K.L.:
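First the structure, then my questions, so here it is.
Since this is a predicted model, take the numbers as computed values, not measurements.
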Amino acid sequence: MPLVNNLTQSKSNENKITKIMTDTGEIQLSSKTVRNYLVNGNGEVTDQEVKLFIGLCAGQKLNPFIKEAYLIKYGSQPAQMVVSKDVYQKRANKNPQYAGKKAGIVVININGSVEYRNGALLIEGETLLGGWCEVYKKDTDIPERVEVSFDEYVGKKKDGSINNQWATKPATMIRKVAVAQALREAFTEDFQGLYTAEEAGV
């Protein structure tokens, strides 16, 4: 009987509905829905990872059905919970203190000089060092500035080689990391606990 009760309880937990009011309306999440439709990768997520993901969506009002949040699991590695860059920009735009941003990359140019460049234009023969971002707020004259190192965040495969996204779009990727970190530091309450796939290296 205890075994039957445990199985019944487990099934009940799988189907338990959590209602979440997101910026795009109310959604309903259960552990079963997350496992069947919302996990990316080839790994088997644990009960704890599923609950944490539902908790993140509820706490930050994220809608995973429209790709605002992702639960990613490869093999036996810990699951990654990340949000889309669109969530960052939408939340920044809604903050009454947001006054825009500037972002770009840091390179050693073909003349051998370190150059801080707007945007993500990387010329053949240059060395990409990192990314930078400045976020401006209406209540201060000093922008929130972040600089990040390419080597620290470049996404890699199990064998140590650079993954496809970082290999083909390195400047775009490191700029995204800098933007996410600067926005999170400027508006901590809006982005607490939220990380992008570029930061997580997935």
Side-chain angles (χ1 to χ4, degrees), residues 40-41 56 60 62 64 66-72 74 77-202:
N40 295 271
L56 174 69
Q60 287 289 353
L62 298 169
I66 59 171
K67 308 302 182 184
E68 288 186 337
Y70 298 84
L71 179 58
I72 304 170
Y74 288 106
Q77 297 178 12
Q80 300 276 4
M81 299 171 206
V82 298
V83 300
S84 75
K85 65 180 181 62
D86 293 338
V87 169
Y88 270 70
Q89 195 57 60
K90 285 193 297 184
R91 293 200 171 186
N93 290 339
K94 287 182 178 181
N95 192 300
Q97 291 300 319
Y98 180 63
K101 70 177 187 298
K102 290 182 180 178
I105 56 175
V106 187
V107 303
I108 298 178
N109 61 29
I110 56 177
N111 297 319
S113 301
V114 175
E115 180 182 342
Y116 284 76
R117 183 175 297 163
N118 289 320
L121 176 62
L122 183 65
I123 300 170
E124 187 176 352
E126 294 181 327
T127 300
L128 180 61
L129 298 178
W132 64 272
C133 180
E134 289 184 350
V135 173
Y136 299 90
K137 299 171 69 175
K138 295 176 182 177
D139 60 356
T140 178
D141 294 329
I142 303 174
E144 190 71 55
R145 182 178 177 89
V146 166
E147 297 180 15
V148 293
S149 169
F150 178 81
D151 289 340
E152 186 174 350
Y153 286 96
V154 59
K156 295 183 179 181
K157 302 176 185 176
K158 270 188 175 182
D159 62 7
S161 62
I162 298 176
N163 69 35
N164 184 63
Q165 282 284 76
W166 282 88
T168 57
K169 301 175 182 177
T172 297
M173 299 293 278
I174 197 62
R175 180 182 178 276
K176 287 180 180 179
V177 172
V179 169
Q181 292 201 5
L183 286 172
R184 191 165 55 247
E185 290 199 17
F187 304 111
T188 305
E189 290 185 3
D190 292 335
F191 300 104
Q192 187 173 12
L194 303 183
Y195 297 89
T196 63
E198 292 80 18
E199 292 178 278
V202 295

K.L.:
Where is the tightest heavy-atom contact between P170 and L122, given as atom of each residue plus distance?
P.N.:
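Closest heavy-atom pair between P170 and L122: CG-CD2, 4.4 Å.
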K.L.:
With rounding to the nearest 0.5 angstrom, report the OH to NZ distance, Y74 to K158.
P.N.:
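That separation rounds to 11.5 Å.
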K.L.:
To check you understand the geometry: which heavy-atom pair defines the closest contact between L194 and V83, and what is its length?
P.N.:
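Minimum heavy-atom separation between L194 and V83: CD2-CG1, 3.8 Å.
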K.L.:
The criterion is ring pair (Phe, Tyr, Trp, His ring centres under 6.0 Å); which residues satisfy it with F150, sequence neighbours excluded?
P.N.:
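Here the qualifying residues are W166.
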K.L.:
About how many Å separate CD1 of I105 and CG of L121, when rounded to the nearest 0.5 Å?
P.N.:
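The CG atom of L121 sits 6.5 Å away from the CD1 atom of I105.
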K.L.:
Restricting to ring pair (Phe, Tyr, Trp, His ring centres under 6.0 Å), what partner residues turn up for Y88, sequence neighbours left out?
P.N.:
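Applying ring pair (Phe, Tyr, Trp, His ring centres under 6.0 Å) to Y88 gives F191.
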K.L.:
Compare every heavy atom of L71 with every heavy atom of A79, then report the nearest pair and how far apart it is.
P.N.:
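Shortest heavy-atom contact: CB-CD1, 3.8 Å.
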K.L.:
Indicate the atoms forming the closest heavy-atom contact of K157 with I162, along with that distance.
P.N.:
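The answer is CE-O, 4.0 Å.
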K.L.:
How about I142: does its CD1 atom have over 12 heavy atoms from other parts shown lying under 6.0 Å from it?
P.N.:
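No, because the 6.0 Å sphere around CD1 of I142 holds 12 heavy atoms or fewer from other groups.
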K.L.:
Applying side chain to side chain donor-acceptor pair (under 3.5 Å), name anything that partners N111, two or more places apart in sequence or on another chain.
P.N.:
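Residues passing side chain to side chain donor-acceptor pair (under 3.5 Å) with N111: none at all.
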K.L.:
Is it the case that the side chains of D159 and S161 hold a donor-acceptor pair, with the cut-off being a distance below 3.5 Å and no angle test?
P.N.:
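Distance-only check passes for S161 and D159.
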K.L.:
With sequence neighbours excluded, tell me which residues meet salt bridge (charged side-chain N to carboxylate O under 4.0 Å, His left out) with K85.
P.N.:
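Salt bridge (charged side-chain N to carboxylate O under 4.0 Å, His left out) list for K85, sorted by chain: empty.
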K.L.:
Applying side chain to side chain donor-acceptor pair (under 3.5 Å), can you list everything that pairs with T168, at least two apart in sequence or on another chain?
P.N.:
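If we apply the side chain to side chain donor-acceptor pair (under 3.5 Å) test to T168, skipping adjacent residues, there are no hits.
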K.L.:
Checking Q89 now: which residues fulfil side chain to side chain donor-acceptor pair (under 3.5 Å) with it, not counting sequence neighbours?
P.N.:
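Counting only residues at least two positions away or on another chain, Q89 forms a side chain to side chain donor-acceptor pair (under 3.5 Å) with N93, Y98, K101.
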K.L.:
Using the test side-chain contact (heavy atoms from CB on, under 4.5 Å), find all partners of K102 that sit at least two apart in sequence or belong to another chain.
P.N.:
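Residues passing side-chain contact (heavy atoms from CB on, under 4.5 Å) with K102: W132, Y136.
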K.L.:
Just how far is it from atom CG of D86 to atom OG1 of T196, taken to the nearest 0.5 Å?
P.N.:
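The distance works out to 11.5 Å.
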K.L.:
Taking atom CG of L183 and atom CG of N95, what is their separation to the nearest 0.5 Å?
P.N.:
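Rounded to the nearest 0.5 Å, the CG-CG separation comes to 10.0 Å.
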K.L.:
Working to the nearest 0.5 angstrom, can you tell me the gap between M173 CE and N163 CG?
P.N.:
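Here the interatomic distance stands at 6.5 Å.
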K.L.:
Who passes side chain to side chain donor-acceptor pair (under 3.5 Å) against E115, sequence neighbours left out?
P.N.:
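N109, R117.
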K.L.:
Once rounded to the nearest 0.5 Å, what's the spacing between atom OG1 of T140 and atom CD of Q97?
P.N.:
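Reported value, rounded in 0.5 Å steps: 10.0 Å.
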K.L.:
Could you tell me which non-hydrogen atom of G131 sits nearest to which non-hydrogen atom of I174, and how far apart they are?
P.N.:
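Looking at all heavy atoms of both residues, the closest pair is N-CG1, 3.6 Å.
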K.L.:
Using every non-hydrogen atom in the two residues, find where A182 and V135 come nearest and quote the distance to one decimal.
P.N.:
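Closest approach of A182 to V135: CB-CG2, 3.6 Å.
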K.L.:
Side-chain contact, heavy-atom cut-off 4.5 Å: V107 with L128?
P.N.:
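Side chain of V107 against side chain of L128, heavy atoms only: contact under 4.5 Å found.
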K.L.:
Which residue pairs pass the salt bridge (Lys or Arg N to Asp or Glu O under 4.0 Å) test when at least one of the two sits in residues 180-194, sequence neighbours left out?
P.N.:
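Pairs touching residues 180-194 that pass the test: R184-E199.
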K.L.:
For I66, what residues pass the side-chain contact (heavy atoms from CB on, under 4.5 Å) criterion, not counting sequence neighbours?
P.N.:
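Applying side-chain contact (heavy atoms from CB on, under 4.5 Å) to I66 gives T24, N63, E68.
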K.L.:
Output every pair passing salt bridge (Lys or Arg N to Asp or Glu O under 4.0 Å) with a member in residues 129-144, not counting sequence neighbours, ordered by first then second residue.
P.N.:
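Non-adjacent pairs meeting salt bridge (Lys or Arg N to Asp or Glu O under 4.0 Å): E134-R145.
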K.L.:
Does anything in residues 169-182 form a side chain to side chain donor-acceptor pair (under 3.5 Å)? List the pairs, not counting sequence neighbours.
P.N.:
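Counting only pairs at least two positions apart or across chains, the side chain to side chain donor-acceptor pair (under 3.5 Å) contacts touching residues 169-182 are Y153-Q181.
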